Amino acid sequence: MRVYVTGNITVDETWAIADIPQKGSSIHGNKVSQDIGGKGANQAIILSRCGIDTRLIAATGNDSNGKWIREQIINEPLRLLPTEYFCQHSDTSIILNSADGDNAIITTTAAADAFSLDDIVPHLADASAGDILLQQGNFSFEKTQALFQLAKTRGLTTVFNPSPVNPDFAQLWPLVDIAVVNQSEAEQLQPDGVPTVVITQGAEGAWLHHGNQRQFCPATPAQALDTTGAGDTFLAVMLASALLRGVLPDRLALTHASQAAAITVSRRGTSSAFPRRAELAALLNSGAE
Ligand code: ATP
């Protein structure tokens with residue numbers, strides 16, 4: 001069993017500034033950190049750290065950021081495809097943190113946008129029944145739909161985290177086996193009819209819906225420093241916990257997910273805040289609530 005993640009990978013640069021710049025202004029700032037990010041990469045990294053055979057199919061550009069991404073990803077138990085650099089700038093997020101705690105984010109999507117089905121599909125050639133296709137909202141509606149259709153024809157289980165949200169994604173629910181949405185995505189996209197739906201509600205916790213059955217799992221209390229990546233950690237650990245036990249996402253999977261997300265929110269950064277392999281192994285081996 002293998003998880004294929006089709007999505008984006010970015011370099012996340014965090015800058016500390018006095019205040020969010022006004023139009024026409026020129027300001028000083030300090031670069032605080034540089035991290036791997038992008039929802040596709042985040043989820044794939046955590047799945048692989050949980051011991052799941054994971055392939056991330058995402059575009060890295062032929063620039064210094066693309067080279068840096070590959071130097072970092074080599075430390076993860078993950079296969080990143082394609083192995084060639086893509087003829088674009090790598091996607092990048094510039095996160096501006098102002099002194100009063102406000103922020104502004106600039107994200108480029110050129111590499112993910114230009115990454116075509118022709119670039120992606122050959123890397124799914126080995127995918128077969130029993131494998132999983134996991135997608136997020138960073139691809140166009142058409143590309144996301146085509147990949148789920150392909151997955152269904154091959155008998156794969158499909159998992160969708162429609163973030164960033166696109167109203168058209170509501171049409172994709174008939175192709176989805178497991179939906180993971182936050183409260184606002186659930187309200188906008190109404191994933192009714194999806195066999196398994198997980199609705200996360202930030203520091204409160206998350207709901208698991210199987211048909212008419214509903215279960216709530218409270219969040220694990222944490223001293224939250226930076227909630228970036230909480231949702232990605234939650235999804236990946238929930239999925240890994242269920243896959244490692246050969247079951248559908250259940251109450252224990254949500255408990256493991258909330259424990260892992262509590263680690264992520266207690267640290268600053270994107271991938272550098274994620275639980276390490278040993279932390280995930282300890283957590284996934286515990287059956288306690
Ligand atoms: P993001 O897009 O910021 O990564 P999201 O909107 O997809 O997140 P959330 O619902 O905010 O997802 O959070 C997912 C899970 O992470 C929650 O169900 C909860 O278990 C955990 N979590 C989020 N915020 C906190 C917090 N402040 N303290 C403890 N756990 C948290």
Side-chain angles (χ1 to χ4, degrees), residues 5 7-10 12 14 35-47 49-50 91 93 95-97 101-105 107 109 134-138 159-166 169 176 178-189 191 194 196-209 214-242 249-275 279-280 283-284 286 288-289:
V5 183
N8 69 337
I9 187 163
T10 65
D12 285 4
T14 302
D35 226 347
I36 287 191
K39 294 190 76 68
N42 293 345
Q43 295 175 13
I45 286 171
I46 299 166
L47 277 159
R49 287 186 188 177
C50 289
D91 287 334
S93 284
I95 301 148
L96 301 175
N97 284 339
D102 214 345
N103 67 31
I105 302 176
T107 300
T109 60
L134 166 60
Q135 297 203 85
Q136 309 75 32
N138 284 294
V159 185
F160 192 27
N161 173 220
S163 172
V165 77
N166 167 347
F169 287 156
V176 175
I178 301 172
V180 184
V181 289
N182 64 21
Q183 186 63 43
S184 91
E185 290 151 6
E187 283 161 17
Q188 286 180 74
L189 300 176
V194 176
T196 301
V197 177
V198 176
I199 303 178
T200 63
Q201 296 182 331
E204 285 178 32
W207 281 97
L208 170 65
H209 298 241
R214 283 169 26 120
Q215 278 184 297
F216 184 71
C217 176
T220 302
Q223 196 91 38
L225 277 184
D226 177 358
T227 60
T228 310
D232 295 331
T233 306
F234 189 95
L235 182 154
V237 175
M238 179 199 73
L239 190 58
S241 170
D250 59 3
R251 169 75 201 232
L252 180 59
L254 267 73
T255 301
H256 287 155
S258 82
Q259 290 169 343
I263 295 176
T264 295
V265 303
S266 67
R267 298 174 181 157
R268 288 194 200 283
T270 316
S271 58
S272 56
F274 296 159
E279 290 172 318
L280 289 164
L283 190 152
L284 288 165
S286 80
E289 292 279 303

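None of these values were measured; they are calculated from a predicted model. In listed order, ligands and their atoms are each counted from 1.
Listed by number with element, the atoms of ligand 1 under 4.0 angstrom from any heavy atom of A203 are 24 (N), 25 (C), 26 (C), 27 (N). Here is the list of ligand 1 atoms found below 4.0 Å of a heavy atom in S258: 20 (O).
A 4.5 Å side-chain heavy-atom check between Q201 and N182 finds every atom pair outside the cut-off. In this structure, L208 and C217 have side chains that are not in contact, with every pair of non-hydrogen atoms separated by 4.5 Å or more. Two residues are said to be in side-chain contact when any heavy atoms from C-beta on lie closer than 4.5 Å; T233 and N42 fail this criterion.
The shortest N or O to N or O distance between N182 and ligand 1 is under 3.5 Å. Taking only nitrogen or oxygen atoms, main chain and side chain alike, T200 reaches within less than 3.5 Å of ligand 1. For a threshold of 3.5 Å applied to N or O pairs, the pair formed by G205 and ligand 1 contains at least one separation below that value.
Within the set G229, A224, G231, the minimum heavy-atom distance to atom 8 (O) of ligand 1 is found for G231.
When hydrogens are left out, the protein atom nearest atom 22 (N) of ligand 1 is G202 O, 3.7 Å; that is the closest non-hydrogen contact.
Residue-level proximity to ligand 1 for Q201 is carried by the backbone, the only part with a heavy atom below 4.0 angstrom. By the criterion of a heavy-atom distance under 4.0 Å, the side chain of A261, and not its backbone, is placed next to ligand 1.
Taking a 6.0 Å sphere around CZ of R267, one finds it holds more than 12 heavy atoms contributed by other residues, nucleotides or ligands.
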